[in-house]
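The structure under discussion appears below in the form of structure tokens.
Lettering of chains follows the sequences in order, A, B, ..., and the numbering in each one begins at 1.
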There are 2 protein chains.
Amino acid sequence: MITLTEENYIKAIYHLGKYGVNNVSTNAIAKEMETKASSVTDMVKKLSEKSYVDYKKYQGVTLTGKGKEVAVNIVRKHRLWEVFLVEKLNFSWDEVHEVAEQLEHIKSKKLISQLDAFLEFPTHDPHGDPIPDKTGKIKKIDKILLSEAKIGDDCICVGVQDSSSDFLKYLDKNNIALGTELKVCHREPFDNSVTIRIKTKELIISNMIANNLFVKVS
Amino acid sequence: MITLTEENYIKAIYHLGKYGVNNVSTNAIAKEMETKASSVTDMVKKLSEKSYVDYKKYQGVTLTGKGKEVAVNIVRKHRLWEVFLVEKLNFSWDEVHEVAEQLEHIKSKKLISQLDAFLEFPTHDPHGDPIPDKTGKIKKIDKILLSEAKIGDDCICVGVQDSSSDFLKYLDKNNIALGTELKVCHREPFDNSVTIRIKTKELIISNMIANNLFVKVS
DNA sequence: AATAATTTTTAGATTAATCTAAAAATTATT
DNA sequence: AATAATTTTTAGATTAATCTAAAAATTATT
Ligand SMILES: [Mn+2]
Ligand SMILES: [Mn+2]
Ligand SMILES: [Mn+2]
Ligand SMILES: [Mn+2]
């Protein structure tokens, strides 16, 4: 039996370890979970007991196979629910995360497999993130940050790095959605702001924006 | 802030107090919650502190207006989710309860109002129980137990008293669903078993079955 | 009305998850 | 290599929810 709190720790460790970081530090987890390092130490011992993580004192943690399975399953549930909320219940993409944080902990294999079918087996969530299949397989698409695209590139928006409400609303306001086509026109050397063209309209976006928008060069 | 456990206690008190019982006893709650009386006493003090219930030592509890609001809202969420599971995710009516027990605790006003709209504002759940509207109003239909129907009555099934998997599967097996029309043919004095006719087929059901099936006399 | 039976509460413990303050270990800097 | 800074762990407390055993109150029975 796994508690909701344990699930959240495992998810945090998964996300922190995603980009090649093998040993996730106590402090990093504490920051992600908005809790104190001492609480993390306690929980990490417990997760280690239950063999969800490998842990050696002062060395940080890594998810075990078992831990990874749990993590991927939660991510799968989170993203399927996000699709449901947007596709079926008319939520906008900046409103889904908090509710999905709750829904991802509902325990029922049938619920998720039926939901998956009902949504017609979506491959990506509303933010462009891939949805692991029932076996935990994640197919990644080759996306780059808009800040890394070359001048003259024709791109299509495929995801967001940050999915805060503020960022997503900015994109809405400027008619940038997943699937939007854009051309990279100019990069200003001084501040790395980027001029892009969507259809016929030009728009200047800051480096910070460009750093949080994933595109595929077409 | 209300915890999941508090919500479950409030719901239990609501269901126990539904049929005119004003003061729900500690023991009754303990039985319903599958917990010990001493745990109930502790929790009941807490609920009283937070003014969800009126409580005087040794006198049992009654929900306050605030408590009733919470209870009805949970019941609303529970039943809406049951409809969703049956209508959209192809669950059968004996599979929905456990999952709905989890889903009823998800906190999001928008989620429920959108779900309600998505389901086209259902008035009853898969077991024939009424779904409170957003203001908490419950419209009750005049249903009676099949065991109380008179010989010769033409009836339509509108609900179940017990919604255990065993009972619901018995009904499935005998082609009795909500909406099924039946005629009361005979009641055996010895054991109060009832002979009913569905279309052209006669079926003898025990008093216990008749005592758990709600019908409307047409 | 007294006694017995039952119900409810209290007292004291336990487990999960958290915290603060201090100690210990590791890493960075002189 | 020694010292300083930072990170991590430990020790001891706290809160929510639960439990067992015993005490207190209520209800039922003689
Ligand atoms: Mn999300
Ligand atoms: Mn997402
Ligand atoms: Mn139910
Ligand atoms: Mn129901």
Would you kindly give the CD-to-P distance between B:E49 and D:dT15, to the nearest whole Å?
14 Å
Could you work out which one of D:dT20, C:dT7, D:dT10 sits closest to the side chain of A:K45?
D:dT10
Considering heavy-atom distances to DNA chain C, does A:D42 or B:S38 have its closest nucleotide positioned more toward the 5' end?
B:S38
Under 3.5 Å, is there a donor-acceptor pair linking the side chains of B:S193 and B:D191?
yes
Nucleotide D:dT26, atom P - distance to CG of B:N23 in whole Å
14 Å
If you look at every strand shown and take non-hydrogen atoms under 4.0 Å, does B:T26 touch a base, only sugar-phosphate, or nothing?
sugar-phosphate
Separation of D:dT15 P from B:K50 NZ (nearest whole Å)
14 Å
Mapping A:Y58 and A:L4 to their closest nucleotides on DNA chain C, which lands nearer the 5' end?
A:L4
Ignoring backbone atoms, test whether B:Y55 places a side-chain nitrogen or oxygen under 4.0 Å from the OP1 or OP2 oxygen of C:dT9.
yes
Could you let me know what D:dT20 is paired to, Watson-Crick or G-U wobble, both distances under 3.5 Å, or none if it's on its own?
C:dA11
Separation of D:dT18 C1' from B:I29 CD1 (nearest whole Å):
16 Å
Please report, rounded to the nearest Å, how far the P atom of D:dA24 is from the NZ atom of B:K56.
23 Å
Options C:dT18, D:dC19, C:dT9, nucleotide nearest the side-chain atoms of A:M43
C:dT18
Quick one: label A:T5 by what it contacts on the DNA or RNA (base, sugar-phosphate, nothing), any heavy atom closer than 4.0 Å.
sugar-phosphate
Can you tell me if A:D54 and A:T64 form a side-chain donor-acceptor pair at under 3.5 Å?
no
Centroid separation A:H78 to A:H97 less than 6.0 Å
yes
Considering only side-chain heavy atoms of B:T41, which listed nucleotide, D:dT18, C:dT18, C:dT9, is closest?
C:dT9
How close or far is atom C1' of C:dT27 from atom CD of A:Q59, stated in whole angstroms?
12 Å
Using OP1 and OP2 only, check whether a side-chain N or O of B:K36 sits under 4.0 Å from D:dT20.
yes
Contact under 4.0 Å: A:K57 side-chain N or O vs C:dA24 OP1/OP2
no
Look at the side-chain N and O atoms of A:N27 and state whether any lies under 4.0 Å from the OP1 or OP2 oxygen of D:dT6.
no
I need the CD1-P distance between A:I2 and C:dA16, as an integer number of Å.
14 Å
Here's a test for you: under side chain to side chain donor-acceptor pair (under 3.5 Å), which of B:E32, B:E101, B:E6 qualifies with B:K11?
B:E101
Checking base pairs now: Watson-Crick or wobble, both atom distances under 3.5 Å. What partners C:dA4?
D:dT27
Assert yes or no for the condition that the ring centre distance of B:Y14 to B:Y9 is strictly below 6.0 Å.
no
